[in-house]
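Remember, predicted model here, so these are calculated numbers, not experimental data.
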Amino acid sequence: MRGRARGPTVAADALIEIRDVTKTYGAGETAVHALRGVSLRVDAGEYVAVMGSSGSGKSTLMNILGCLDVPSRGEYRLDGTDVARLTEDQQALVRGRKIGFIFQSFNLIPRTSALANVELPLTYAHLRRSDRRKRARRALELVGLADRADHRPNQLSGGQQQRVAIARALATGPRILLADEPTGNLDAHSTDEVLGMFDQLNAEGRTVVVITHETEVARRARRLIRVSDGRIVADEVTG
Amino acid sequence: MSPRDLFGAALRGLGANKLRSLLTVLGVAIGVGAVIVLVAVGNGSGKAVQDRLEAMGTNLLIVSTTGGGGGFARGQAGPSAQQYSLTMSDASALTDNRLAPDVAAVAPVMTSSGTATNGDTSYTINQVIGTTPEYMPATNTPLGTGRSFTQQDVDTSQRVVLLGQTAATELFGRPTSAVGQTIKLGAVDFAVLGVLASKDSTGFSDPNATAIVPISTLRATQAGYGALNQIVVQAADKDKVDTAQAEVTQLLAARHQVPATQTSPYRITNSAQILQTSQDTAATFTALLATVAAISLIVGGIGVTNIMLVTVTERTREIGIRKALGARRRAILGQFLIEATLLSLLGGAVGVAAALIVSRFQLAGVQPVLVPSSIALAFGVSAAVGLFFGSMPAHRAAGLRPIDALRHE
């Protein structure tokens, strides 16, 4: 585990680096300023929780970090690449290779088996069929759902669905796990399971960024960033 | 994403809403089926007319008078009608090799009608044709049984008759038993020499309800010695129909002293012209049917667009997920295009199958004759319809921004 080198110079191991990012929806009097100039740096191997109330801009931040949305102004370097310069398809490629998404509502493809869901990002990464199958099975084993490979999302419990989603996020071996309220739809037991998984993944060296409004979730992280009204109001090491 | 993966995703998409997919397929199937069947019907009716006309003989000219001269001559119809009427000597002049070298055979025709009786059985024959032996080969009227009459029979006004199939059947029960028997035509006895082979109808009258007798006999016993109704002229060759027609026109004009300024009082019907006209009519008819069918194919295509738009809207979230997982524009585009094309190709296949079955039956009295190119065209168009009508929804899907698609409820 590398320590977090903080300072004005960009270190070689900076995974996420955003500078003065603003995001404005609409224009004129009705314009909504979701982010009002955010700068943030996350190094490889960190476990970061982003906390904030509803409307604080934390989801917008997460969308920008995940290359799902582009900033109105400011710079975003992901693993050394300036995201703003990428074409739509290149951004898709970055999402597929470097980022594993975990959503509050699981977002599994309906009527599609757990295995096929986990295979999907590998398919878009142009892996061979046999490789895909192997890696997807391994990812399912990792989350303890190897025996549910052929089940469809509607045949799985919420906790199981979220574990399939984690397997899917891990399948491509991404550099960052980006989780948006991952336990928002889960009961206490499943929440424990999922958070335990995050702990373990981080212990193995994976960078994890969790967006949440639950203190219980945020406590697990080792760095806590508080967002309010489109600005970062606190950034502290907690563990 | 390999073709196999795209295909699998598309199939799963279609399977998600089977009834909807089925109805869309049905729309395309009806369009494709309609194109094939209606073109086949148009083609079939064209072929039927053509067959009938070819049965009539394609190098045939039928000369008849239009009564008087054209237009202004009408007022003095009496003398001019006499002047222009067709005579037996016109017919024999046309056989002259020097005056009309492209005429192969000539048969004068007089018609009458009458009741034929065989004992207690009687039958009204609408068309009793008086002519010469040349009439039969010229009009492609072969004999079924028995023999035809000869020139000698004509010269000596023999009371002999050839009966059409229907007439013979009505009078004798079986056509074959008529040969050698005697019938009364009006008050005169006629010996039945032969029975004509069955013939398809070329128009309104039944060609099987006729009787053919030597022209001299008909004039002596029934029709009197008035003008001929027609002169049937057979051109020497199919290609010489036009020159023969010109020769006949010229010869008749000379014989009857028709002024050059006057429109010809003779109407010469050329079977090749009739054939051409009816083929043109059939082609127009086919084009009309094909247009109607093409419209239904377009409607089917719009059905594809409609359903794909619904599908894209319904699955916006799925599109967002796929994009978040690294799907590029092309992968999304491909998935929905394949889905649309599969719908319409399936419709095309069902339509072709249905058309093949339906066209085995007579439709509106016409036996459809399949046009292979129309099958290929309709099937090809159905694939194109999928691509064309599916591309708008597919582009809409592919163009969605991942964040908007993911937020979609």
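Among residues at least two apart or in separate chains, there is no salt bridge (charged side-chain N to carboxylate O under 4.0 Å, His left out) pair with a member in residues 142-151 of chain A.
Note that the CG atom of B:Asp404 and the CG atom of A:Asp69 stand 7.5 Å from one another [nearest 0.5 Å]. Taking OG1 of A:Thr172 as the start and CG of B:Leu325 as the end, the distance is 8.5 Å to the nearest 0.5 Å.
Using a 4.5 Å cut-off between heavy atoms, A:Arg132 touches chain B through its side chain atoms alone. Heavy atoms closer than 4.5 Å to chain B are found in the backbone of A:Leu108, but not in its side chain.
The minimum heavy-atom distance between B:Arg329 and A:Asp89, with the atom names listed, is N-OD1, 3.1 Å. A:Ala92 approaches B:Ala327 most closely through the heavy-atom pair CB-O, 3.5 Å.
Judged by distance alone, with hydrogens and angles left aside, the side-chain atoms of A:Arg95 form a donor-acceptor pair with the main-chain N or O of B:Lys323 at under 3.5 Å.
Residues of residues 388-403 of chain B that come within less than 4.5 angstrom of chain A, heavy atom to heavy atom, are B:Ala398, B:Arg401, B:Pro402, B:Ile403 in numerical order.
Ranked by non-hydrogen atom pairs under 4.5 Å with chain B, the options A:Glu119, A:Arg97, A:Arg129 are led by A:Arg129.
Residues A:Tyr124 and B:Arg328 have side chains that never bring a donor and an acceptor to within less than 3.5 angstrom of each other.
For the pair A:Arg168/B:Ile321, a side-chain contact is recorded, criterion being any heavy-atom separation below 4.5 Å from C-beta on. Inter-residue side-chain proximity for B:Glu318 and A:Asn107 is flagged as unmet; no heavy-atom pair is nearer than 4.5 Å.
More than 12 heavy atoms of other shown residues, nucleotides or ligands fall within 6.0 angstrom of atom CZ in B:Arg20.
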Fill in: Residue pair A:Ile109, B:Arg12: steps toward the side-chain contact (heavy atoms from CB on, under 4.5 Å) verdict
CA-CA 11 Å; A:Ile109 308 258; B:Arg12 263 198 302 278; over 6 Å; no

